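Here the structure comes first, spelled out in C-alpha cells, and everything after it is commentary.
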Number of protein chains: 4
Amino acid sequence: MAAMKKRVYQILNVSQRRGDLSWWVDVFLISLISLNVLAIILESVASLWAEYKACFLAFEAFSVAVFSLEYLLRVWSANENPAFEKPIGGNLRYMLTPLAIIDLLAVLPFYLPLLGVDLRIVRMMRIFRLLRLFKINRYTRALTAINKVLKEKREELFISMTFTFFLLLLASTLMYYAEHEAQPEAFSSIPHTMWWGIATLTTVGYGDVYPITNAGRVLGGIIAVIGIGLFALPTGILASGFSEEIGKKEEAAHRHTCPHCNKELP
Amino acid sequence: MAAMKKRVYQILNVSQRRGDLSWWVDVFLISLISLNVLAIILESVASLWAEYKACFLAFEAFSVAVFSLEYLLRVWSANENPAFEKPIGGNLRYMLTPLAIIDLLAVLPFYLPLLGVDLRIVRMMRIFRLLRLFKINRYTRALTAINKVLKEKREELFISMTFTFFLLLLASTLMYYAEHEAQPEAFSSIPHTMWWGIATLTTVGYGDVYPITNAGRVLGGIIAVIGIGLFALPTGILASGFSEEIGKKEEAAHRHTCPHCNKELP
Amino acid sequence: MAAMKKRVYQILNVSQRRGDLSWWVDVFLISLISLNVLAIILESVASLWAEYKACFLAFEAFSVAVFSLEYLLRVWSANENPAFEKPIGGNLRYMLTPLAIIDLLAVLPFYLPLLGVDLRIVRMMRIFRLLRLFKINRYTRALTAINKVLKEKREELFISMTFTFFLLLLASTLMYYAEHEAQPEAFSSIPHTMWWGIATLTTVGYGDVYPITNAGRVLGGIIAVIGIGLFALPTGILASGFSEEIGKKEEAAHRHTCPHCNKELP
Amino acid sequence: MAAMKKRVYQILNVSQRRGDLSWWVDVFLISLISLNVLAIILESVASLWAEYKACFLAFEAFSVAVFSLEYLLRVWSANENPAFEKPIGGNLRYMLTPLAIIDLLAVLPFYLPLLGVDLRIVRMMRIFRLLRLFKINRYTRALTAINKVLKEKREELFISMTFTFFLLLLASTLMYYAEHEAQPEAFSSIPHTMWWGIATLTTVGYGDVYPITNAGRVLGGIIAVIGIGLFALPTGILASGFSEEIGKKEEAAHRHTCPHCNKELP
C-alpha cells in the first residue's frame, strides 16, 4: 500500500524523463485540459451546441471522472510530499493549497445538482469550469513567472496603482461636472463617467461615450495628453518585470563574464 | 498653553510610531478623507442621492466640522514649526502654503451660503470638495514623487511639450483645410479640428470625427504613422521619470559607488 | 554550355559591383516587382480597372513571361551553387527552397486556366500574385532581419504568446458570461467575444462591440487596465528584437571588447 | 552703408545678450509669429471671423509688412555672413536657403492678387501662411533636434519604414480579399482598405471601417496582435532618437566621471 502510494505520487508529479509512464500521464492530462478549454469555447457557439450536445455532455462526464480521480489520488498521495507528511492532517492541509482548491472547484459544479443545490446557482457556478485552464499551471512556467513578478515589484505596483486610481478618479469627477448637463445619460454619475475615463486613459476609445461640449473637449484633451503616459505606469512595470523574468535565465548563463579572461564584466 | 500647542502640533503631524495617539489621528483622518471621496462619487448616483440624502448631508456636516477644526488647529499650532516661528506673521504665512490653501478651499463651499454668497456660485464651487482628495498628500509619497519628477525633467518636458503642441497645431490646420468643405460641421474650425488631432495622435480614436475625403485620409494616415511616436514623447518622459523615482530607493542601496575609489556617487 | 550556365548564375545573383550587367538585371527585376505590386493595388480600384483593363492584362502577361523565364533560368543554373551541385537532384532540391516555391507560386495562377483548372479556384489563387512582393526578399535585409529575430527570441516569444492567448481566452470567457444575455448578438459566443477581446487588449477599440451592463463594464475596465501591458509583451519582444537587429552593425564596431583583457566579446 | 548693413545683420541675428536692441527685436518677432499662428487658428472660427474681420485683415496687412521688411533686410544683409560674402551671387544664394524660402512663401500669398494671379490659386496658397510657424525655427532648439535625429537614424528609419509599408500593404491586400464582397463600400479597393490598415495598426481604431465576416475578423485579429508592435518600430526609433538628443546635453556634463577621483565611470 505504501509503495503503491509512492508510485502514484511519482506518476502524478511532473516527469523529469521523457517517455516513462509519468511523462505519458502528463501528456494525457495536458491534452485533456486543452480539449476541455476548447470544449468550453465551442459549446458557447449555439449551432455547435445544438448539433453535438450529446458529445459535449459525454466528454464533460468523462473529463469530470478523470479529473475527480486525479484529485482524489493527489489528496491521497499527498503524504509522500515531506510538507504534508502527517497521515490525515497532511491530506487536509494539502486540500487547502491553491492548486488543490482549483482542482476541486473545477469539478464541483458537476456534482452540485446531485447534492440538491438549486439549479440556478449551479448554472452560475459553471464558470468555475474555466478554472481547469489553471490546472495547466503545474506544467508551465508562464504563470509562476507572473507570481514572481507580482511579489518582486509589489511596492512599485502598489504606489503606481494608487496613483492610477487617483488619476482615474480625478479625471472622471472633473469630466462628470463638465458633461453631466449636456449628456445626462452617458455621464449620468461619477461611477458611470469612469467608464469613459478607462476607455480614454487606456486609449481603447470605443466611441460609445465622449465629451461633446467645448469645456468637456478641452478637459478631455488635456486629460488624454497628460494622463495616458501616467496611466500606463503599472502595466509598464508589470510588463518590464515579466520581460526581465523571462530573460533572466538566458542572461545568467553568458554575457556577464569575459569568455577570454573569465573576469566579470561591468 | 505653549505645552498644549506643542502637543497638538505633534499629534497633527504624521506619526513615526505605530499605535500612539498621533498615529490613531492619522488613521482617522485618512479614513475620513477616503470616505469623503467615496461620498462624492456615490452622491452623483441619482438613485443613491434620492434615498440617502439625509445621510450624505449629515456626513458632509460632520466632515466639514472635523476638517475645519483640523484646519484651525494646524494654523494655530504652526508656530511650533521653526519655519513659521513668529507669533502672528508665521501663522499667516502658514495659511499661504499650498497644503493649507487646499485645506481651506476643501471646506469653504460649505460656509459660503452663510456669508450670503449667491447659491449659483456656491454650486460651482462644490467641485472644490474634490480637493479633499489632495489632503491625503500628507500621508503618501505618490504625489510628492510627481512633484519631484516635474522639477527634475522640467527642461525636457518643456521642449517636448512645445514640440507636441507644434505637431498638434500643424496636423489640425492641415486637416482643417483638407476636410472643412466635406464635413463643415465636424471640422468647423481649427480649434474644433484639434479635437480630432488629439483623439488621433493619442490613438484614443473615439470615432466621432474622422476624415472622409481621399485627401483627408491620406493626410490622416501620414499624420498618424509619423505623429503618434512623437506625440508620446512628453508622456514617455513623465512616465520614465516617475518610474525612475519609484525605483530610486532600491537603487540607492547598491550601484552608487565609484568602482575606482569606492566613494558614494551623487 | 557550362560557361553559359555559370554566366547566367552570376547575372541572376545579387551584384556586388554597381554598374555591371548583373547590377542592371537586379535593378530591372526590383523595378518590375515594384510595378507589379503597384499594379495589384491599382487594379483593385474599379474605375481604373474599367478604363485600363487592357494595359493591366498586357503588363501582367509581360511580367509573367519575365518571371517565368527568371524562374526557369534560376532552376537550370542552380547547379552552380555548391549546395545544389548534382545535375538533376540538385535542381529538384533547389525547387523546394522557400524562395523558389515563392517564385513558382507567384506565376502559377496565370497558367492554371491553360491546364483546365476550374476558374473559381484560379480566381482564389490570384492572391498568390501578392507573393511577388516577397521576391524582393533577395535584395533587402528587412525580411531576413525578421527571420533572425524570430529564431533568436523563439523561447521568449513562445512563452509570452502562450500567456497572451491565455489572457485573451480568460478575458473573453468572463466577458461572454457577463454580456451574453444583455447583447446576445455582439457577444453570441466565446469565439465571437474574442473579437471584442482583441480590439480591447490591443487598444484598437473600433467601437463595434463593447459591454453595456454594469458588470460587463467593471469587468471590461479591470481587463483593460491590467491586460493591455501584458498583451503588449510578445509584440514588445518582437519589436525590441528587431530594433536590436537593426542596431547590431553599429554596435559591432565599438563597445564589444572586454575592458580587462581587450579581447573581442561574442 | 557697410556699417549699417553690419548693424542690421547683427540685430536680425539671434541675440546673445539679454536686453540689447537685437534681443528686443527677437522678442518682437517671436511675439508676432505667435500672434499670427493664433490669428490663423481664430480666423477659422466662423463667428469670430464675421465679427472681427476688419481686425484680422488689418493685423494680416501689418504682419505681412513687417515680415516683408524682415525678409528684404535679411537678404540685403546676408553678405555679412561669410558663407554669402559675394555681393549679388551671395544674396541670391541666401535666397535659396530653406529658411529664406520659408520666409518668402510665408508672405507671398498676400502679394499674388496684385500680380494678377487667379484668386482660386491664391486661396489655395493661403495655407502657406502656416509656414510662419516655421519662422520660429530660428529661436528654438526643438526643430533642429528633429533634423539631427532624422540624419543620425537615417538608415534605421529607412529599413523600418520599408518594413512598415510592406506590412501595411500585406495586411490591406489580405483584408481586401477577405472583406471586399461583404462590404463593397468600406473595402472598395486596396488603397481604400489601407485606411482600415492604418487605423488598426496604429491602434487609433476610429470604428468607421472594421471587418464583419468571420474570415475578416480572424485575419484582423492576427494582423492586430502581430502587426502593432512592428508598426510602432519607426515611430519608436524616432521617439527614442529624439529623447536621446534632448538628454545628451545633460548627460554630457555630469554623471560620466566620478566627482571624487575624476576617473571616468563605465
Side-chain angles (χ1 to χ4, degrees), chain A residues 153 155-167 169-170 172-174 176-178 180 184 187-194 196 199-212 214 216-218 220-234 236-237 240 266, chain B residues 37-38 40-49 123-124 126-127 129-130 133-134 136 140-143 145-146 149 161 164-165 168 191-192 194-195 197-210 228 231-243 245-247 249-250 259:
Chain A
K153 305 263 168 181
E155 207 195 350
E156 273 109 318
L157 278 174
F158 180 75
I159 294 182
S160 61
M161 276 298 209
T162 312
F163 184 68
T164 298
F165 182 72
F166 197 99
L167 195 74
L169 201 66
L170 200 69
S172 302
T173 309
L174 289 174
Y176 167 73
Y177 285 115
H180 176 56
F187 295 86
S188 67
S189 65
I190 295 176
H192 265 101
T193 309
M194 281 184 182
W196 167 83
T200 300
L201 290 171
T202 59
T203 81
V204 170
Y206 291 121
D208 52 342
V209 274
Y210 47 82
I212 54 167
N214 284 339
R217 286 185 168 187
V218 170
I222 293 169
I223 287 169
V225 173
I226 295 177
I228 285 165
L230 296 174
F231 207 74
L233 264 182
I237 289 170
S240 79
Chain B
V37 171
L38 198 68
I40 293 174
I41 295 176
L42 294 179
E43 260 183 58
S44 72
V45 182
S47 60
L48 289 176
W49 174 251
R123 274 189 60 203
M124 276 173 61
R126 280 179 64 84
I127 208 171
R129 288 168 63 206
L130 200 63
L133 190 55
F134 290 94
I136 210 103
T140 170
R141 286 195 303 141
L143 283 174
I146 287 290
V149 170
M161 275 298 208
T164 298
F165 183 72
L168 175 62
H192 265 102
M194 280 183 181
W195 176 244
I198 285 178
T200 300
L201 291 170
T202 58
T203 80
V204 170
Y206 292 120
D208 51 342
V209 275
Y210 46 81
I228 285 165
F231 207 73
L233 264 183
T235 58
I237 289 170
L238 222 64
S240 80
F242 192 53
S243 182
E245 194 60 39
I246 290 179
K249 259 195 176 169
E250 195 187 337

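Naming: A, B, ... by sequence-line order, numbering from 1 per chain. Because the structure is predicted, anything quoted here is derived from the model rather than measured.
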Select one option (side chain, backbone, both, neither) describing which atoms of [X] are under 4.5 Å from chain B's heavy atoms.
X	answer
A:Leu169	side chain
A:Thr200	both
A:Tyr176	side chain
A:Val209	backbone
A:Val225	both
A:Asp208	neither

Within this structure, what is the NE2-CZ distance for the pair B:His192 and A:Arg217, rounded to the nearest 0.5 Å?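 Interatomic distance, B:His192 NE2 to A:Arg217 CZ, rounded to 0.5 Å: 5.5 Å.
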Rounded to the nearest 0.5 Å, what separation is found between the OG atom of B:Ser44 and the CZ atom of A:Phe187?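 It is 12.5 Å, given to the nearest 0.5 Å.
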For the pair B:Tyr206 and A:Tyr210, name the ring-plane relationship: parallel under 30°, tilted 30 to 60°, perpendicular over 60°.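 B:Tyr206 and A:Tyr210: tilted rings.
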Contact part of B:Ile40 toward chain A, heavy-atom cut-off under 4.5 Å: side chain, backbone, both or neither?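 Both backbone and side chain of B:Ile40 come within 4.5 Å of chain A.
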Where on B:Ile41 is there a heavy atom nearer than 4.5 Å to chain A: the side chain, the backbone, both, or neither?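 Contact with chain A: backbone and side chain both.
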With side chain to side chain contact (heavy atoms under 4.5 Å, CB included) as the criterion, how do B:Val37 and A:Thr173 come out once you've worked through the C-alpha distance, each side chain's angles and the decisive distance to 0.1 Å? CA-CA 10 Å; B:Val37 171; A:Thr173 309; over 6 Å; no
What pair of heavy atoms forms the shortest contact from B:Trp195 to A:Pro211, and how long is it?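 Taking B:Trp195 first and A:Pro211 second, the nearest heavy atoms are CH2-CG, 3.4 Å.
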